[in-house]
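Numbers here are sequence positions counted from 1. Heavy atoms only: backbone and side chains are in, while hydrogens, waters and symmetry mates are out.
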Amino acid sequence: MTINVGTVDRILRVIAGVILIALALGYIPNYQSVWGWVGIVPLATGLLGTCPVYSLLGLNTCST
């Protein structure tokens, strides 16, 4: 797997993933949803630095 996710993209993915997981766990009041577990995907792609969808589409936000 090649790194195809840039720094800003990675930071945004990790933040979005953490927020969605927090919603699923109920840390944010009055909002609990199973859909929040979708946050695992952006969190994982942000931490790993690779996105399978980007690979399929030929996209690369990494500067190098």
Side-chain angles (χ1 to χ4, degrees):
M1 294 189 306
T2 60
I3 295 176
N4 60 0
V5 180
T7 305
V8 174
D9 196 3
R10 289 177 80 168
I11 292 169
L12 292 175
R13 286 171 185 257
V14 169
I15 291 170
V18 168
I19 289 172
L20 287 171
I21 292 171
L23 289 173
L25 292 174
Y27 286 118
I28 298 174
N30 300 325
Y31 188 86
Q32 240 178 333
S33 173
V34 176
W35 285 103
W37 289 108
V38 174
I40 293 172
V41 175
L43 181 63
T45 58
L47 292 175
L48 295 174
T50 184
C51 178
V53 175
Y54 276 13
S55 296
L56 289 173
L57 298 175
L59 297 173
N60 187 353
T61 59
C62 190
S63 61
T64 304

Inset, instruction - Just do the side chain to side chain contact (heavy atoms under 4.5 Å, CB included) check on V14 and L43 with the steps written out, would you? - result: CA-CA 5 Å; V14 169; L43 181 63; 3.9 Å; yes
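Atom CG of residue N60 and atom OG1 of residue T50 lie 9.5 Å apart, to the nearest 0.5 angstrom. One distance of note links CZ of R10 with CD1 of I15; it measures 13.0 Å at 0.5 Å rounding.
Sequence neighbours left out, not one pair with a member in residues 41-62 passes salt bridge (Lys or Arg N to Asp or Glu O under 4.0 Å).
The two atoms that bring L20 and G39 nearest to each other are CB-CA, 3.6 Å, heavy atoms only. Residues P42 and G17 share a closest heavy-atom pair of CG-CA, 4.0 Å.
Placement of I40 and L12 in two distinct hydrophobic clusters is found when ILVMFWY residues are connected by side-chain heavy-atom separations under 4.5 Å, directly or transitively. V5 is connected to V53 through a chain of hydrophobic side-chain contacts under 4.5 Å among Ile, Leu, Val, Met, Phe, Trp and Tyr, so both are in one cluster. With hydrophobic clusters built from ILVMFWY side chains whose heavy atoms lie under 4.5 angstrom apart, V8 does not share a cluster with I3. Follow the hydrophobic side-chain contacts under 4.5 Å out from L25 and you reach V18 in the same cluster.
Residues meeting the side-chain hydrogen bond (donor to acceptor under 3.5 Å, both in side chains) test with S55, sequence neighbours left out: N4. Considering only residues two or more places apart in sequence or on other chains, D9 meets the side-chain hydrogen bond (donor to acceptor under 3.5 Å, both in side chains) condition with R13, Y54, T61.
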